[in-house]
Amino acid sequence: MDYNDTDDRTILNELFIYKNHPKLTSITEIYIAKNKFKNAEKIKMLNSMKNSYVGLFKVVEVDRNDGYITYEDVFTKRKFKVIDIAMSSTLKIDKKRMVYVYNRIITFEDISFGTGIHCMMTSEHKLLKEFIKKHNYKNCSDFSRCLLLYDMSKKDNSLKVQYNNQYGYRG
């Protein structure tokens, strides 16, 4: 991983800010345990981050008018309606070429949003098809799954994604 690469940096942040492995304490957990914040809203947000959900999702619905995307977890079939104005305004559902996203969903005050993990692929991606078919979900940590899927997404040339990192880290 190259910390000067925006996508790699996003993945590194994902792996350590959030709980991704039972034996690794996340930065979020450390902040909560050490009472790093006193502001009630910030504490509430930290708890939302702690209780967030990460998964490999298929995009199953797009609501352009209200700016929502509906994700379905490929392995658990759990659905999430996530606010994503950029994706909802540009993505169209194509049953022959479905879009898959590995993302973390945070729900804060009944509003769900993705953290923007840079990991998208289409159903045309051969490695993704194999992964979905053979993956042992219960015996794989989110840490490992994240790295596996990120590596696959970097090799997927069937989908070009332009991320808005204008307000991100300036290193």
Visitor: Treating Lys19 as the side-chain partner and Phe16 as the backbone partner, does any N or O pair qualify as donor plus acceptor under 3.5 Å?
Guide: no
Visitor: Check for me, please, whether Met98 and Val62 land in the same ILVMFWY cluster - side-chain distances under 4.5 Å, paths through other members count.
Guide: yes
Visitor: With distance as the sole criterion, is a donor-acceptor pair present between the side chains of Ser88 and Arg64 under 3.5 Å?
Guide: no
Visitor: For the residue pair Asn65 and Asp63, establish whether any side-chain heavy-atom pair is separated by less than 4.5 Å.
Guide: yes
Visitor: Does the Thr28 side chain pair with the main chain of Ile17, one donor and one acceptor, at a distance under 3.5 Å?
Guide: yes
Visitor: Is any side-chain heavy atom of Tyr102 closer than 4.5 Å to a side-chain heavy atom of Val54?
Guide: yes
Visitor: If we ignore hydrogens and angles and just use 3.5 Å, is the side chain of His125 paired with the main-chain N or O of Met152 as donor and acceptor?
Guide: yes
Visitor: Salt-bridge test for Asp5 and Arg9: reply yes if a basic N is under 4.0 Å from a carboxylate O, no otherwise.
Guide: no
Visitor: Does a side-chain N-to-carboxylate-O contact under 4.0 Å join Glu124 and Lys96?
Guide: no
Visitor: Under 3.5 Å, side chain of Ser141 to main-chain N/O of Ser144, donor-acceptor pair present?
Guide: yes
Visitor: Check whether any side-chain heavy atom of Tyr100 sits under 4.5 Å from a side-chain heavy atom of Val59, and report yes or no.
Guide: no
Visitor: Please say whether the positively charged group of Arg78, taken as NZ for Lys or CZ for Arg, lies over the ring of Tyr53, i.e. under 6.0 angstrom from the six-membered ring centre and within 45 degrees of the axis.
Guide: yes
Visitor: Can you check whether Asn47's main-chain N or O pairs, donor with acceptor, with Asn51's side chain at less than 3.5 Å?
Guide: yes
Visitor: Heavy atoms, side chains only, cut-off 4.5 Å: are Tyr18 and Arg104 in contact?
Guide: yes
Visitor: Does Phe131 reach the side chain of Met121, with side-chain heavy atoms less than 4.5 Å apart?
Guide: no
Visitor: Within the side chain of Arg145, is there an N or O that forms a donor-acceptor pair under 3.5 Å with the backbone of Cys140?
Guide: yes
Visitor: Among the clusters formed by ILVMFWY side chains lying less than 4.5 Å apart, do Ile111 and Phe80 turn up in the same one?
Guide: yes
Visitor: Would you call Lys154-Asp8 a salt bridge at under 4.0 Å N-O?
Guide: yes
Visitor: Please evaluate residues Lys44 and Glu109 with respect to the criterion side-chain contact (heavy atoms from CB on, under 4.5 Å), reporting the C-alpha separation (whole Å), side-chain torsions for both, the decisive distance (0.1 Å), and the verdict.
Guide: CA-CA 9 Å; Lys44 197 171 174 181; Glu109 295 186 352; 3.0 Å; yes
Visitor: State plainly whether the residues Glu29 and Lys50 are in salt-bridge range, i.e. N to O under 4.0 Å.
Guide: no
Visitor: Apply side-chain contact (heavy atoms from CB on, under 4.5 Å) to Asp66 and Ile83, showing your working.
Guide: CA-CA 8 Å; Asp66 293 321; Ile83 192 160; over 6 Å; no
Visitor: Is there side-chain contact between Val82 and Tyr68, with at least one heavy-atom pair below 4.5 Å?
Guide: no
Visitor: Could you walk me through whether Ile11 and Cys146 pass the side-chain contact (heavy atoms from CB on, under 4.5 Å) test, one step at a time?
Guide: CA-CA 8 Å; Ile11 295 301; Cys146 179; 4.1 Å; yes
Visitor: Does some side-chain heavy atom of Lys81 sit less than 4.5 Å from a side-chain heavy atom of Ser112?
Guide: no
Visitor: Taking the six-membered ring for Trp, are Phe37 and Tyr31 ring centroids under 6.0 Å apart?
Guide: yes
Visitor: Looking only at atom types and distance, does a side-chain atom of Asp73 sit under 3.5 Å from a main-chain N or O of Gly55, one as donor and one as acceptor?
Guide: no
